[in-house]
Amino acid sequence: MGVVAAARPYLPGLALLAVGALLSHLVAGAVDGLQPLVVAVAVGVLVGNTVGTPDAAEPGVGVDKLFLETGIVLLGAAVVVEEFLAAGPTVLGLVVATVAGGILLAELIARGLFRLDGTTPSLLAAGASICGVSAVVAIGRVLDSRGSAITFAAATVLLFDAVTLVAFPVAGEWLGLTGRQFGVWAGVSMFSTGPVAAAGFAHSPEAGQWATVTKLARNSLLGGVAVAYSLAYTARSATDPGVRRLWAEFPKFLLGFIAVAAIANSGLLSPAALESIGRVSDALFTLAFVGLGLSIRLREMREVGGAAVGAVLVHLLVVSALALAAVRWLL
Amino acid sequence: MVSDAADGTGSPVVDRWTALDRGWQALALGLGIVAVHAAGQAAGLF
């Protein structure tokens, strides 16, 4: 089988993403002040919850995460390294504090206040504090969680992804935050990478960059948290050395983002080339956000348990309130 | 195209690509796009 034959099953889904992306740009172009990336998510949610994703389109639509990660790698071209290095220690400190504090807080709330037991509190804590569904799955693997517990925690995280995707940009506007403040706030408070980037860009391009970079810093802590959890749960993965686990969970595309940022800031590429790379990044984000919208199933969210929603809601309110105070004070 | 297709397809390029972790795929695609832009700049397109 050649490359063309291997790519064929992906074509219907890629075409669906492309049509959604094109439609998003047309709608956003017709309405003043509307961001194409926000419309892309809305188009995906609308299609996914009315006609649904056709079976033939499923493989291609599943490429949305690859588009998102490639878009993030290319976002490195828009980063002004000096600006990020200047704010880096502050943002990094905030990220480490919110991840470590957030995990402890979520465990405490879920076990003490909402009486959840087993590995579910840990799955919810990882999903809410690091990087959403991928953290739930990664920590679920480390802790040998039941499939139903992983599905339950992932559904809870997805519910909050959908709600915060709308609520954060509205709150950011209402609170009058600057692009940097809003980006870092969303980056440390929201859950999954896609919605964080979408919410950031819904505010402004500057907020989108800060939100993505902050979220990447948070994602890079997944390996460390996985090792900590495996030790906390009676060293279940003693055969899997810590460094190997750290590397296995490390988001490799982050290295690409750093490499592209280094190339862009070295002066090797002309402003026109950098602008073109930025346009490719935008196009990939639009495709990815149509896919993100298609993956949001409103009906499935009604089946999420009340205790889990309560625990994650309390966690989100506390963490986002503290993070808001911190970004206003520090940035 | 994504990393969950584990069975061989008969094409070494496709097999190697599908065996890659998605993060590596994104890194490779991103750097490939930057390389195309660098080549375009050298050719006077940008």
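Side chains are part of it too, since the values below use all heavy atoms of this structure and drop only hydrogens, waters and symmetry mates. First the proteins, then the strands, lettered A, B, ... as listed; each starts at 1.
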| query | Who in residues 36-46 of chain B is close to chain A, using a strict under-4.5 Å heavy-atom cut-off? | reply | B:H37, B:A38, B:Q41, B:F46
| query | Between A:A273, A:S281, A:G76, which shows the greatest number of heavy-atom pairs under 4.5 Å with chain B? | reply | A:A273
| task | Mind ranking B:G23, B:G30, B:A28 by heavy-atom pairs under 4.5 Å with chain A and telling me who comes out on top? | result | B:G23
| message | What's the separation between atom CD in A:E69 and atom CZ in B:R22, rounded to the nearest 0.5 Å? | response | 4.0 Å
| query | Looking at CG of A:L74 and CD1 of B:I33, how far apart are the two atoms once the value is rounded to the nearest 0.5 Å? | reply | 4.5 Å
I'd like a table of donor-acceptor pairs (distance under 3.5 Å, sequence neighbours excluded) in which one partner is a side-chain atom from residues 253-269 of chain A, with atom names and distances.
unit_1 : atom_1 : unit_2 : atom_2 : d
A:N265 : OD1    : A:V81  : N      : 3.2
A:N265 : ND2    : A:V79  : O      : 2.9
A:N265 : ND2    : A:A261 : O      : 2.8
A:S266 : OG     : A:I263 : O      : 2.6
A:S266 : OG     : A:L268 : N      : 3.4

| request: Find the one option among A:T70, A:V73, A:L68 whose heavy-atom pairs under 4.5 Å with chain B are most numerous. | output: A:T70
